[in-house]
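What follows is a set of notes on a single structure, which appears directly below.
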Amino acid sequence: MFGIIVLIMLAFYMGKRAEDKNKNRYVYWGLTVLVWFGAQFIVGILFFVLAGLITGNEPSDGAVTVAALIGSLIGYGLLYRYLDKQSDESDAERKIRELGMPDSEEDTHV
């Protein structure tokens, strides 16, 4: 239950950061949830397999849970860094800048 509360808080924070960067907050809410559970699943499975291979015994549920939680936090950190590297301008502003705008009315007449 605590993990879900943390996930909701992190998703809202990621959405606010996305809006500050002129990105769609709903997309980043969804990405936060996807990355959280995806990284949790992948790291949990990897830890279970590697710990089993190294020790020869099945790892405890607590150890797998802690490893999966660490994976979730790493995934969130990577998504945060990705968003942090995005530019602050919106897609429309970027396209206008790339295409260029005419400087005066003389440029618009053909």
Side-chain angles (χ1 to χ4, degrees):
M1 184 66 177
F2 178 71
I4 299 298
I5 293 170
V6 170
L7 174 60
I8 291 169
M9 289 173 31
L10 292 175
F12 276 108
Y13 179 73
M14 186 67 75
K16 183 182 177 311
R17 296 263 311 147
E19 282 185 334
D20 292 344
K21 296 261 185 189
N22 292 319
K23 307 295 181 197
N24 187 338
R25 70 178 169 176
Y26 301 112
V27 169
Y28 281 90
W29 284 356
L31 283 174
T32 301
V33 172
L34 182 68
V35 165
W36 180 271
F37 287 115
Q40 191 174 39
F41 179 76
I42 291 169
V43 171
I45 295 293
L46 284 174
F47 179 79
F48 184 83
V49 170
L50 291 176
L53 289 174
I54 291 170
T55 64
N57 297 326
E58 184 175 310
S60 69
D61 290 343
V64 174
T65 302
V66 169
L69 179 60
I70 291 170
S72 295
L73 293 173
I74 290 171
Y76 178 81
L78 292 173
L79 182 62
Y80 182 88
R81 297 265 315 198
Y82 171 77
L83 179 61
D84 201 37
K85 291 181 184 260
Q86 297 294 310
S87 67
D88 290 344
E89 65 185 355
S90 68
D91 292 336
E93 291 171 341
R94 189 185 83 253
K95 287 179 184 176
I96 289 172
R97 183 180 45 80
E98 288 174 356
L99 293 174
M101 293 295 292
D103 293 334
S104 65
E105 286 187 24
E106 296 173 6
D107 293 339
T108 60
H109 297 293
V110 179

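When a residue number appears, it is its place in the shown sequence, counting from 1. What you are looking at is a predicted structure, and each value in this text was computed from that prediction instead of being measured.
Residue Asp84 qualifies as enclosed at atom CG: its count of foreign heavy atoms under 6.0 Å is above 12.
Here the shortest heavy-atom pairing between Val35 and Leu79 reads CG2-CD2, 4.3 Å. Ala67 approaches Phe47 most closely through the heavy-atom pair CB-CG, 3.5 Å. Of all the heavy atoms in Met14 and Tyr76, the pair that sits closest is CE-CE1, 3.5 Å. Of all heavy-atom pairs between Tyr28 and Ala18, the closest is CD1-CB, 3.5 Å.
One hydrophobic cluster, built from ILVMFWY side chains closer than 4.5 Å, cannot hold both Val43 and Tyr80; they sit in different ones. One hydrophobic cluster, built from ILVMFWY side chains closer than 4.5 Å, cannot hold both Leu46 and Ile74; they sit in different ones. Neither Val66 nor Ile42 shares a network with the other; the hydrophobic side chains, linked directly or stepwise wherever heavy atoms of I, L, V, M, F, W or Y lie under 4.5 Å apart, form separate groups for each. Under a hydrophobic clustering in which Ile, Leu, Val, Met, Phe, Trp and Tyr are joined whenever their side-chain heavy atoms come within less than 4.5 Å, directly or via other members, Val33 and Tyr26 fall into the same cluster. Following chains of ILVMFWY side-chain contacts shorter than 4.5 Å, one can reach Tyr13 starting from Ile4, so the two form part of one hydrophobic cluster.
Residue Asp20 forms a salt bridge (charged side-chain N to carboxylate O under 4.0 Å, His left out) with just one option from Lys23, Arg17, Lys16, and that option is Lys16.
In this structure, Trp29 and Phe12 have perpendicular ring planes: the angle between them is above 60°, well past the 30° mark.
For Tyr82, the side chain to side chain donor-acceptor pair (under 3.5 Å) criterion is met by Gln86, not counting sequence neighbours.
The shortest side-chain heavy-atom distance between Phe37 and Leu7 falls under the 4.5 Å cut-off. Using a 4.5 Å heavy-atom cutoff, the side chains of Leu69 and Thr65 are not in contact.
Remark: Leu73 CG to Gln40 CD distance equals 9.5 Å, nearest 0.5 Å.
Not a single donor-acceptor pair under 3.5 Å links the side chain of Ser72 to the backbone N or O of Ala39.
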